[in-house]
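Positions are given from 1 along the sequence.
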Amino acid sequence: CRYGSKMMRSAWNGDFKGMADGRLERLHVDLNLRADQQAAWGEFSKAVSEQVVGMGEKAKAWRTNAGTGTAVERLERVQQGLDQSRVALAKLTTETKRFYAVLDPAQQKRFDELTQHRRHGGFGHGV
């Protein structure tokens with residue numbers, strides 16, 4: 001596996017944070033950031049980490065409550081989850097744009113490559 005067995009174990013165990021941390025670490029290394037880019041990296045990685053923690057909480061709540069409540073209550077929970085996801089995605093998009101803007105063209109190209117949605121891996125699944 002591209003990201004190593006530790007990250008795969010994290011994914012299978014529902015440890016979204018562990019999986020994202022591994023991907024962030026790999027991205028950080030591969031981008032070879034300059035000192036003046038580190039502050040932007042810190043804000044970006046913090047935003048990603050916050051999103052991942054939220055995903056883990058949502059997944060746990062979904063597993064706990066999936067079959068409970070009336071049809072209307074279940075639909076309302078889904079709608080609430082979609083609304084929360086929309087807000088979270090907007091925040092992540094803003095932070096990604098800020099970070100992307102401080103990268104040079106070669107780093108932007110590498111970021112694009114490393115964050116592509118892929119069927120078997122890729123940073124884009126967590127971000």
message = To the nearest 0.5 Å, what is the distance between CD on Gln80 and OG on Ser85?
response = 10.5 Å
inquiry  = Taking salt bridge (charged side-chain N to carboxylate O under 4.0 Å, His left out) as the definition, give me every residue that meets it alongside Arg34, ordered by chain and number, with sequence neighbours left out.
reply    = Asp36, Asp104
request  = Using side-chain contact (heavy atoms from CB on, under 4.5 Å) as the criterion, list what pairs up with Val72, not counting sequence neighbours.
outcome  = Thr70, Glu76
ask   = Taking side chain as C-beta onward, heavy atoms only, is Asp21 less than 4.5 Å from Lys17?
value = yes
request  = Looking only at non-hydrogen atoms, find the nearest pair between Gln108 and Ala101 and report the distance.
outcome  = NE2-CA, 4.5 Å
ask   = Who pairs with Lys46 by salt bridge (charged side-chain N to carboxylate O under 4.0 Å, His left out), at least two apart in sequence or on another chain?
value = none
note = Residue set satisfying salt bridge (charged side-chain N to carboxylate O under 4.0 Å, His left out) with Glu50, at least two apart, ordered chain then number -> Lys91
ask   = Tyr100 vs Phe111 aromatic rings, parallel, tilted or perpendicular, using cut-offs 30° and 60°?
value = perpendicular
query = Taking atom CZ of Arg23 and atom CG of Asp30, what is their separation to the nearest 0.5 Å?
reply = 13.5 Å
ask   = Excluding sequence neighbours, so at least two apart, what forms side-chain contact (heavy atoms from CB on, under 4.5 Å) with Val87?
value = none
query = Salt-bridged, Arg77 to Glu73, with N to O below 4.0 Å?
reply = no
inquiry  = Are more than 12 heavy atoms, taken from residues, nucleotides or ligands other than Gln38, located less than 6.0 Å from that residue's CD atom?
reply    = yes
query = Taking the side chain as C-beta and beyond, is there a heavy-atom pair between Leu27 and Phe44 under 4.5 Å?
reply = yes
task = Give a yes or no on whether the backbone of Phe99 and the side-chain of Glu43 come within a donor-acceptor separation of less than 3.5 Å.
result = no
query = Is there a donor-acceptor contact under 3.5 Å from the side chain of Arg74 to the main chain of Gly69?
reply = yes
key: Salt bridge flag under 4.0 Å for residues Lys109 and Asp112   = no
remark   = Tightest non-hydrogen contact, residues Gln107 and Leu103, listed as OE1-CA, 3.5 Å
task = Give a yes or no answer on whether the side chain of Glu95 reaches the backbone of Val48 with a donor-acceptor pair at less than 3.5 Å.
result = no
task = Please report the shortest heavy-atom distance between Ser49 and Leu24, naming the atom on each side.
result = OG-CD1, 3.9 Å
key: Remaining members of hydrophobic cluster (4.5 Å side-chain criterion), Val78   = Leu82
query = How far does NZ of Lys97 sit from CG of Leu92, to the nearest 0.5 angstrom?
reply = 11.5 Å
